[in-house]
Amino acid sequence: MEEKKKKTIYGLSREQEASRLFGRHVSTPKALCVGLASLLCCLLPMLLGLRLWEKIPALVQTGLIGPDGADDSMPRAVLVFGVPGLFTVLDLISNAQLWLHQKLEKLPPTPVRVAGRWGIAVLGTLLCPFWLLRASGTPVTALFYLPCLLALLLMLLGTHFFDCPRGARLAFRLKRIAYREEAWRKTHRVAGVSWMLAGLLLLALQYGLGRIPPLSALPLLLLLLTPLAASVLFLKE
């Protein structure tokens, strides 16, 4: 009986440790912030669809064969709104599952662990624009995807910095906040939020305009440099 009890306790700790290693146990503010950012990331390709609306045919060929042997075409509205909406629903389910299993202190199912908090959003950022550009006859180029990848990188960095521990290899090693616990915590949280916002802004500009206007460089730069200014303000508290 004692051996069985030890095994149960050990198994539970292993499950909790596995969840921690997969990065699923996060604070409530971080879960809400990251969840909202990933949902917006899934919805933003709709801007690209609206910009290319006139170029996308009313019926988009999918390459799939229907029961009648004909091409199973997709209405334009489904491609523009339905496909990003599907990614949004899947992302919501994934984040909700992670939160539920965290509350129950259980290891999430394998598909949920693989998708994580950003997996669905990353897939949507890569696939939705590709399908929209192909349907509109617009060339799919690396120049289009470069800002999108940079935006994803900013949002992933923001997720890491939101509650960055002191032992993290990637952190703000500023002397003025290194020995101030509250200043450290607040500075990294500001960095997380501002960089996720910068990533979303970059995606919105790329989808909505197809380019990054020079005037938009100022708000992007301010969002990127906000943590440095915050570190000075929090030190004075």
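Note that the coordinates shown come from a computational prediction; the quantities given were computed from them, not determined experimentally.
Taking every heavy atom of both residues into account, S136 and I56 meet most closely at CB-CG1, 3.9 Å. Residues G124 and P129 share a closest heavy-atom pair of O-CD, 3.4 Å. Residues L152 and C41 approach most closely at CD2-SG, 4.1 Å, considering heavy atoms. Contact detail for C42 and A121: the closest heavy-atom pair is SG-CA, 3.6 Å.
Under the 4.5 Å side-chain heavy-atom criterion for ILVMFWY residues, a single connected hydrophobic cluster contains both L40 and L50. Criterion: ILVMFWY side-chain heavy atoms under 4.5 Å apart, direct or through other members. Under it, V89 and L92 are not part of a common hydrophobic cluster. Residue L44 is grouped with residue L126 when hydrophobic side chains (ILVMFWY) are merged at heavy-atom distances under 4.5 angstrom, including chains of intermediate members. Using a 4.5 Å cut-off between side-chain heavy atoms of Ile, Leu, Val, Met, Phe, Trp and Tyr, with links allowed through other members, W118 and L39 fall into different hydrophobic clusters. Residues L149 and I120 fall within the same hydrophobic cluster, defined by Ile, Leu, Val, Met, Phe, Trp and Tyr side chains chained together at heavy-atom separations under 4.5 Å.
Side chains of C148 and L203 form a contact here, defined as non-hydrogen atoms less than 4.5 Å apart. No side-chain heavy atom of P57 sits less than 4.5 Å from a side-chain heavy atom of R76. The closest side-chain heavy-atom distance from C33 to R189 is not below 4.5 Å.
Atom-to-atom distance recorded for C128:SG and M46:CE is 8.5 Å, nearest 0.5 angstrom. Atom CG of L200 is separated from atom CG of L36 by 8.0 Å, given to the nearest 0.5 angstrom. The structure places CG of L201 at 11.5 Å from CD of Q206, a figure rounded to the nearest 0.5 Å. Atom CZ of R51 is separated from atom OG1 of T138 by 7.5 Å, given to the nearest 0.5 angstrom. Distance OH/Y207 to CZ/F144: 6.0 Å, rounded to 0.5 Å. Between atom CZ of residue R134 and atom CG of residue L79 there is a gap of 12.0 Å, rounded to the nearest 0.5 Å.
Residues satisfying the ring pair (Phe, Tyr, Trp, His ring centres under 6.0 Å) criterion with F87, sequence neighbours excluded, are absent altogether. Qualifying side chain to side chain contact (heavy atoms under 4.5 Å, CB included) partners for N95, counting only residues two or more places apart in sequence or in other chains: S38, D91, R117. For A191, the side chain to side chain contact (heavy atoms under 4.5 Å, CB included) partners two or more places apart in sequence, or in a different chain, are F161, F172, P227.
Distance alone, capped at 3.5 Å, is enough to place a donor-acceptor pair between the T88 side chain and the P84 backbone. Using a distance-only test at 3.5 Å, with no hydrogens or angles considered, a donor-acceptor pair links the side chain of Y145 to the main chain of F130. Side-chain atoms of K30 never come within 3.5 Å of backbone atoms of D163 as a donor-acceptor pair (strictly under, hydrogens ignored).
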(request) Report the C-alpha separation of V34 and M196 in whole Å, then their side-chain angles, then the decisive distance to 0.1 Å, and conclude whether the side-chain contact (heavy atoms from CB on, under 4.5 Å) test is met. (result) CA-CA 8 Å; V34 174; M196 280 189 270; 4.3 Å; yes
